[in-house]
Amino acid sequence: MLCRARKDVRDGFDKEMAAARLRRQLEEEWQWAKVAFESGWKSIERETPQCVTFQDVPWPPDESDMLASLAAIELPNVEPLVKGAVGHAETLKMEYIAFRRAFKAASLRWHPDKFAHRFQGVLDVKHREKILSRAQLIAQQVNMEWEVFQQSRNMPPQM
């Protein structure tokens, strides 16, 4: 009976280890996807191709949680701004600043008018509507995430 209990415990431990290993692997893949996304944007902002197709646009790796991901990228840049960040209030302040910066950056990048203007004349005619439609959906998702973030902190929406 004792051997079986040990085996059950070991099996449970093995499952937990496998789950933890899978989580780490997914987090690493997500980090690489975010790095590829940001480097793709820097590349296309530096030198816009003469003809941009749907595949040329560096789409976000996960649109459902884009603002939180961008805020996580921004957080290390915010920490030095909040002196002696040790308490709960400082952590909330850092989180707010990171989210606000991420929202502004994403709004500038994905706003349908700004997006269309940035790629004015270089969007492939066959893909133009599909590209602009997807950019609009991403902009709507960013706005929705910002509203949810503000509501979660009991903040009035900004216009």
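Model, not experiment: these values are computed from the prediction.
- Judged as a salt bridge (charged side-chain N to carboxylate O under 4.0 Å, His left out), and not counting sequence neighbours, the contacts of R109 are E38.
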### Task
Using the side-chain contact (heavy atoms from CB on, under 4.5 Å) rule, take R101 and I97 through it: C-alpha gap first, then chi angles, then the decisive distance, then the call.
CA-CA 6 Å; R101 285 183 174 185; I97 293 170; 4.0 Å; yes

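- Within 6.0 Å of atom CZ in R118, more than 12 heavy atoms from other residues, nucleotides or ligands are found, so the atom counts as buried in its surroundings.
- No side-chain heavy atom of V122 sits under 4.5 Å from any side-chain heavy atom of P49.
- Under a hydrophobic clustering in which Ile, Leu, Val, Met, Phe, Trp and Tyr are joined whenever their side-chain heavy atoms come within less than 4.5 Å, directly or via other members, V148 and F103 fall into different clusters.
- Under a cut-off of 6.0 angstrom, the local environment of CD in Q55 is crowded, with over 12 non-hydrogen atoms contributed by other residues, nucleotides or ligands.
- Under the rule for a side-chain hydrogen bond (donor to acceptor under 3.5 Å, both in side chains), the partners of H127 that lie at least two apart in sequence or sit in another chain are D124.
- With hydrogens and angles ignored, the 3.5 Å screen pairs a side-chain donor or acceptor of E145 with a backbone N or O of L67.
- The structure places CZ of F119 at 8.5 Å from CD1 of I131, a figure rounded to the nearest 0.5 Å.
- Summarising the geometry of A98 relative to A71, their closest heavy-atom pair is CB-O, 3.6 Å, with the distance given to 0.1 Å.
- In the hydrophobic clustering of this structure, L108 does not group with W41; members are Ile, Leu, Val, Met, Phe, Trp, Tyr whose side-chain heavy atoms approach within less than 4.5 Å, directly or through other members.
- Side-chain atoms of D56 come within 3.5 Å of backbone atoms of T53 as a donor-acceptor pair (strictly under, hydrogens ignored).
- Rounded to the nearest 0.5 angstrom, I138 CD1 and N143 CG are separated by 12.0 Å.
- Put simply, CG on L137 and CH2 on W110 are 11.0 Å apart, with the number rounded to the nearest 0.5 Å.
- The CZ atom of F99 lies 8.5 Å from the CH2 atom of W146; values are rounded to the nearest 0.5 Å.
- Side chains of S39 and K42 form no contact here, defined as non-hydrogen atoms less than 4.5 Å apart.
- Following chains of ILVMFWY side-chain contacts shorter than 4.5 Å, one can reach F54 starting from V57, so the two form part of one hydrophobic cluster.
- Side-chain contact between E95 and R153 is present, with heavy atoms from C-beta onward closer than 4.5 Å.
- A donor-acceptor contact shorter than 3.5 Å is absent between the side chain of S133 and the backbone of K130.
- Between Q141 atom CD and Q136 atom CD the span is 13.5 Å, to the nearest 0.5 Å.
- Atom-to-atom distance recorded for E129:CD and R134:CZ is 15.5 Å, nearest 0.5 angstrom.
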